[in-house]
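Counting convention: from 1, in listed order, for ligands and their atoms alike.
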Amino acid sequence: MSPVIPFVVAVDGPAGSGKSSVSKEVARRLGYGFLDTGAAYRALAWHAEASGVDTDDAASVISSLASFDYRIGTDPTGYAVHVGETEVTDAIRDPRISAVVSRVARVPEVRTYLIEQFRSSMAGESRPGIVVEGRDITTVVAPDAPVRILLTASPEVRAARRSAELVGSSTADVGEQIRRRDEADARVVDFMTAAEGVTTVDSTKLDFDQTVEAVIGVIRSFQPVTG
Ligand SMILES: Nc1ncnc2c1ncn2[C@@H]1O[C@H](COP(=O)(O)OP(=O)(O)O)[C@@H](O)[C@H]1O
Ligand SMILES: Nc1ccn([C@@H]2O[C@H](COP(=O)(O)OP(=O)(O)O)[C@@H](O)[C@H]2O)c(=O)n1
């Protein structure tokens, strides 16, 4: 018997647009799995730093993949990221990691390696669906997903949301950090404009709950009507 293919919801967008938090809550409400692909790039950046690898040197970053033993579940209620025996769920959100993650993410071998892992997590999902979020999910990782969403918000709102999470950082500084990271990431993949067939959800004027509802509304509009 061939395995049931889960219903894939692909979500892309820039830093601070709400991809992780909104996708996780959408998955929880729908009983779907949740895959945070950015966490994998962050975990690799954490592993490279912890191993003393120069993240500016692509060859060293590629070598570090051999010892990169990372695990991330798809349970939206028990979300945790591990590298080896170490739980890095919070450590990978540190601004120190945010500052270097684009350097590991721009290496094509890294992307090929991780994309294969994301596809196998998606295929292995036992829940009826999975929400997968990142930068290139709608265009590269799962371009055939039945639902593809670009989650955006204005740069000012994204900076304000992110700085609210970071104690002791001004909105202006955080805004500059995410602007620089988006600029570096956008050289690798375009996540600022919706590709053909991708639905844009702009959360600038929506609160968290309204954004979750808007995303669920898009998903419903693409789901086949049953029974
Ligand atoms: N529509 C919204 N209104 C207010 N806050 C939001 C909204 N969406 C997300 N947030 C908050 O903004 C912050 C950044 O969201 P996050 O999911 O980490 O974004 P991303 O994964 O796109 O970087 C989080 O603290 C989250 O709770
Ligand atoms: N599909 C993805 C997801 C993340 N990334 C990289 O991983 C980094 C961290 O992603 P993230 O989603 O955790 O970042 P935030 O938007 O949450 O700040 C990004 O800045 C990109 O460099 C990527 O290249 N492709």
Side-chain angles (χ1 to χ4, degrees), residues 10-27 34-46 48 55 61 72 76 79 81 88-119 121-122 131-143 148-167 169 171 174-175 177-192 201-215:
V11 179
D12 286 329
S17 61
K19 299 179 303 296
S20 310
S21 52
V22 170
S23 300
K24 197 191 294 172
E25 179 59 15
V26 166
F34 159 67
L35 185 62
D36 175 355
T37 64
Y41 291 96
R42 286 176 177 273
L44 179 60
W46 182 91
T55 47
V61 171
I72 178 169
Y79 175 80
V81 187
V88 296
T89 316
D90 293 331
I92 61 172
R93 306 278 151 207
D94 193 283
R96 214 169 44 82
I97 298 299
S98 303
V100 298
V101 63
S102 303
R103 296 186 200 161
V104 308
R106 72 185 171 195
V107 179
E109 289 83 350
V110 164
R111 303 197 73 80
T112 304
Y113 177 85
L114 289 180
I115 287 171
E116 204 169 299
Q117 301 219 345
F118 302 150
R119 290 189 179 136
S121 287
M122 285 158 57
V131 186
V132 187
E133 57 93 1
R135 299 288 190 287
D136 59 347
I137 314 304
T138 61
T139 52
V140 179
V141 178
R148 294 184 299 148
I149 294 170
L150 184 74
L151 185 59
T152 62
S154 72
E156 295 76 20
V157 162
R158 292 190 285 112
R161 287 178 189 163
R162 195 32 67 80
S163 73
E165 299 174 320
L166 300 168
V167 183
S169 307
T171 305
V174 173
Q177 284 155 17
I178 61 179
R179 190 196 62 74
R180 260 193 257 127
R181 185 152 58 90
D182 282 342
E183 191 180 69
D185 291 338
R187 285 191 206 117
V188 179
V189 61
D190 180 12
F191 50 83
M192 297 304 279
V201 173
D202 184 342
S203 74
T204 306
K205 296 196 174 124
L206 304 180
D207 67 19
F208 181 74
D209 211 54
Q210 289 170 328
T211 311
V212 171
E213 291 294 343
V215 168

Counting from 1, what ligand 2 atoms have a heavy atom of [X] closer than 4.0 Å?
X	value
R111	23 (C), 24 (O), 25 (N)
V101	7 (O), 8 (C), 20 (O)
S102	22 (O)
G134	1 (N), 3 (C)
A105	6 (C), 22 (O), 24 (O)
K19	12 (O), 16 (O)
R93	13 (O)
A15	16 (O), 18 (O)

Least distance between heavy atoms, [X] atom then [Y] atom:
X	Y	result
V104	Y41	CG2-O, 3.7 Å
A153	S17	N-CB, 4.4 Å
Y79	A39	OH-CB, 3.4 Å
I97	A91	CG1-O, 3.7 Å
L35	S121	CD2-CB, 4.1 Å
S163	T171	OG-OG1, 3.1 Å

Protein residue, atom and distance nearest to [atom], heavy-atom basis:
atom	result
atom 25 (O) of ligand 1	E165 OE2, 2.7 Å
atom 4 (C) of ligand 2	G38 CA, 3.4 Å
atom 5 (N) of ligand 2	Y41 CD1, 3.5 Å
atom 26 (C) of ligand 1	S21 OG, 3.4 Å
atom 19 (O) of ligand 1	G18 N, 3.1 Å
atom 20 (O) of ligand 2	D185 OD2, 2.5 Å
atom 21 (O) of ligand 1	S20 OG, 2.7 Å
atom 10 (N) of ligand 1	R161 CD, 3.7 Å
atom 12 (O) of ligand 2	R135 NH1, 3.1 Å
atom 3 (C) of ligand 2	T37 OG1, 3.4 Å
atom 18 (O) of ligand 1	R162 NH2, 2.9 Å

Do the side chain of [X] and the main chain of [Y] share a donor and acceptor less than 3.5 angstrom apart?
X	Y	value
R181	A99	no
Q210	D207	yes
K24	F34	no

Original post:
For ligand 1, does P14 get within less than 4.0 Å through its side chain, its backbone, both, or neither, judged by non-hydrogen atoms?
Top reply: backbone
Determine whether the side chains of [X] and [Y] contain a donor N or O and an acceptor N or O closer than 3.5 Å.
X	Y	value
E109	Y113	no
S203	T211	no
R42	S98	yes

Show me which atoms of ligand 1 lie under 4.0 Å from any heavy atom of [X].
X	value
K19	17 (O), 19 (O), 20 (P), 21 (O), 22 (O), 23 (O)
L206	1 (N), 2 (C), 3 (N)
T211	1 (N)

**OP:** Tell me, please, which residues at least two apart from F191 pass ring-ring contact (aromatic ring centres under 6.0 Å, His included).
**Re:** none
Between [X] and ligand 2, is there a nitrogen or oxygen pair with a distance under 3.5 Å?
X	answer
D136	yes
E133	no
R162	yes
R42	yes

Original post:
Can a non-hydrogen atom of G13 be found less than 4.0 Å from any atom of ligand 1?
Top reply: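 Distance cut 4.0 Å: G13 fails for ligand 1.
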Validation: residues 131-139 side-chain donor-acceptor distances under 3.5 Å, sequence neighbours left out:
unit_1: E133; atom_1: OE2; unit_2: S20; atom_2: OG; d: 3.0
unit_1: D136; atom_1: OD2; unit_2: R111; atom_2: NH2; d: 3.0
unit_1: T138; atom_1: OG1; unit_2: D12; atom_2: OD2; d: 2.6

Original post:
Is it true that E183 and R180 make a salt bridge, defined as a side-chain N closer than 4.0 Å to a carboxylate O?
Top reply: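 Answer for the salt bridge query: no.
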Original post:
Are any of the side-chain nitrogens in D36 or R93 under 4.0 Å away from the carboxylate oxygens of its partner?
Top reply: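 The answer is yes: the pair qualifies as a salt bridge.
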